[in-house]
Amino acid sequence: MTTESRGGGVQGLSSYGGQAVLEGVMMRGSHTCAVAVRAPDGSITFKDFPLGSLYRSRFARMPFIRGLFVLWDSLVLGVSALTFSANVQTEEDEPIDPRSMALTLLMSLALGIGFFFLLPAGLSQLLESTLGWHSWWANLVEGVFRLVLLIGYIWAIGRLADIERVYGYHGAEHKTINAYEAGAELTPENVSEFPREHPRCGTAFLLTVVVFSILLFSALGPLALLPKLLSRLILLPLLAALAYEYIRFTARLLPYPWARPLAAPNLWLQQLTTREPDEKMIEVAIAAFRKMRAAEDAAAPQESQDVPAPE
């Protein structure tokens with residue numbers, strides 16, 4: 001997830017972002033999105049497609065609303081990018097149906113909400129009803145448990161070989177955007193010198209949602225089990241909106257040394273969700289970025305890039 005920020009060598013606001021996919025990278029601008037994937041034969045395969053005018057509307061820039069828009073945008077574009085990358089890798093006669101990929105991701109999302117939000121809430125209720133804990137302490141334990149689950153899950157799946165490669169492409173994507181925002185020439189040698197952490201990463205968003213959930217849910221006081229579970233579901237959009245605005249705010253303050261501790265936990269967590277990419281991964285990320293930029297220039301060469309883009 002990416003919001004606009006000032007790059008050291010870039011005039012104006014940069015709103016480019018992206019996402020790692022299977023053996024590839026998706027890069028997104030204001031008008032177009034491009035995916036570059038390393039095919040089994042070693043070549044790089046591309047796909048780009050235009051984005052609708054809704055992406056540049058006032059609705060997409062409204063505070064708090066824009067965070068929810070970016071989440072939905074990330075899901076829709078992510079399905080398309082993952083479907084394309086999977087088809088390139090499998091080389092099957094019958095391509096994977098995007099609807100099947102969307103259904104799989106929606107099921108994964110539902111399981112994730114149950115695992116990371118409803119399960120800790122059930123634990124909180126158990127502490128209150130069985131052990132007689134005060135609701136404030138039970139809610140605090142719920143939040144800490146949720147945070148441990150998130151970090152543990154990210155660490156565990158990162159040990160899988162396929163996911164480790166996705167994390168490598170994630171690092172390549174960050175390095176490429178960092179290099180662009182610093183005004184550096186996009187060559188593998190130059191890009192490799194930049195950090196693989198980025199202050200506007202989706203990892204930062206997940207961590208911020210969990211931390212904010214501790215504060216918000218602790219303020220609700222004692223609730224019965226069903227209202228407690230429903231509150232976790234109903235308040236998720238609010239948590240997402242607050243987290244997005246916070247990330248946007250801290251990213252703008254990073255040039256000031258006193259504000260860097262605000263982003264430090266998010267950057268630290270990216271040590272788990274990124275890997276140092278090899279040269280071939282960086283080549284793919286640069287290729288995706290250049291493809292996206294060329295399509296952007298062709299679509300609207302005179303317009304500025306000022307719309308949030310997912311990373």
Side-chain angles (χ1 to χ4, degrees), residues 1-6 12-19 28-31 33 51-79 105-106 109-110 112-113 116-118 120-121 139 142-143 146-147 150 177 198-221 223 227-256 259 261-267 269-270 303-311:
M1 177 189 316
T2 301
T3 59
E4 60 262 29
S5 71
R6 294 193 179 275
L13 295 174
S14 165
S15 64
Y16 298 129
Q19 174 182 321
R28 219 217 83 169
S30 298
H31 299 82
C33 174
L51 303 176
S53 59
L54 179 62
Y55 291 88
R56 296 175 296 282
S57 67
R58 289 186 177 182
F59 177 77
R61 295 194 294 268
M62 291 176 62
F64 298 102
I65 298 295
R66 59 193 170 194
L68 301 178
F69 178 85
V70 168
L71 285 179
W72 174 251
D73 169 74
S74 299
L75 179 62
V76 173
L77 292 179
V79 168
L105 290 180
L106 286 174
L109 180 62
I113 291 174
F116 292 113
F117 280 88
L118 301 186
N139 289 335
E142 173 192 345
R146 182 176 294 117
L147 181 61
L150 174 66
I177 294 178
H198 195 285
R200 294 171 282 133
C201 175
T203 301
F205 173 80
L206 291 175
L207 179 62
T208 306
V209 165
V210 170
V211 172
F212 279 17
S213 74
I214 298 176
L215 303 175
L216 181 59
F217 295 156
S218 295
L220 295 180
L223 294 171
K228 176 172 288 189
L229 296 178
L230 289 175
S231 70
R232 276 40 177 178
L233 295 175
I234 293 172
L235 291 175
L236 259 180
L238 176 59
L239 283 171
L242 290 172
Y244 179 84
E245 296 301 326
Y246 178 81
I247 292 170
R248 180 187 175 95
F249 174 72
T250 56
R252 285 181 173 274
L253 293 179
L254 275 183
Y256 303 100
L262 297 175
N266 292 331
L267 296 176
L269 191 60
Q270 290 177 51
E303 294 187 29
S304 62
Q305 317 297 323
D306 60 356
V307 179
E311 186 167 348

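Please read all numbers here as calculations on a predicted model, not as lab measurements.
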S.K.: State the CG-CG distance between Leu215 and Leu242, to the nearest 0.5 angstrom.
M.R.: 10.0 Å
S.K.: Would you give the length of the straight line joining atom CZ of Phe64 to atom CG of Leu238, rounded to the nearest 0.5 angstrom?
M.R.: 8.5 Å
S.K.: Could you please spell out the steps behind the side chain to side chain contact (heavy atoms under 4.5 Å, CB included) verdict for Leu207 and Leu147?
M.R.: CA-CA 8 Å; Leu207 179 62; Leu147 181 61; 3.4 Å; yes
S.K.: Ser231 and Leu223: which non-hydrogen atoms are nearest, and at how many Å?
M.R.: OG-CD1, 4.0 Å
S.K.: Quick one: pull up CG in Leu269 and CG in Leu150 and give me the separation to the nearest 0.5 Å.
M.R.: 6.0 Å
S.K.: Begin with the C-alpha distance, continue with both residues' side-chain angles, and end with the deciding distance and a verdict on side chain to side chain contact (heavy atoms under 4.5 Å, CB included) for Leu118 and Leu233.
M.R.: CA-CA 8 Å; Leu118 301 186; Leu233 295 175; 4.1 Å; yes
S.K.: Report the distance from atom CG of Leu77 to atom CG of Leu51, rounding to the nearest 0.5 Å.
M.R.: 6.0 Å
S.K.: Can Arg66 be said to sit on top of Tyr244's aromatic six-ring, NZ or CZ under 6.0 Å from centre and within 45° of the ring axis?
M.R.: no
S.K.: Which heavy-atom pair separates Leu254 from Ala263 by the least distance, and what is that distance?
M.R.: CD2-CB, 3.8 Å
S.K.: Would you give the length of the straight line joining atom CG of Asn266 to atom OG1 of Thr208, rounded to the nearest 0.5 angstrom?
M.R.: 4.0 Å
S.K.: Which atoms form the tightest heavy-atom contact between Gly221 and Asn139, and what is the distance?
M.R.: O-ND2, 4.0 Å
S.K.: Checking Glu142 against Lys228 for the salt bridge (charged side-chain N to carboxylate O under 4.0 Å, His left out) test, could you report, in this order, the C-alpha distance in whole Å, the side-chain angles of both residues, the deciding distance, and whether it holds?
M.R.: CA-CA 12 Å; Glu142 173 192 345; Lys228 176 172 288 189; 5.1 Å; no
S.K.: Flag the pair Leu235 / Phe117 as yes when at least one side-chain heavy-atom distance between them is below 4.5 Å, and no otherwise.
M.R.: no
S.K.: Taking all heavy atoms of Pro120 and all of Arg146, pick out the closest pair and write down the distance.
M.R.: CB-NH2, 3.8 Å
S.K.: Once you round to the nearest 0.5 Å, how far does CG of Leu262 lie from CD1 of Ile247?
M.R.: 12.5 Å
S.K.: If you compare all heavy atoms of Val209 against all heavy atoms of Ala243, which two are closest, and at what distance to 0.1 Å?
M.R.: CG2-CB, 3.6 Å
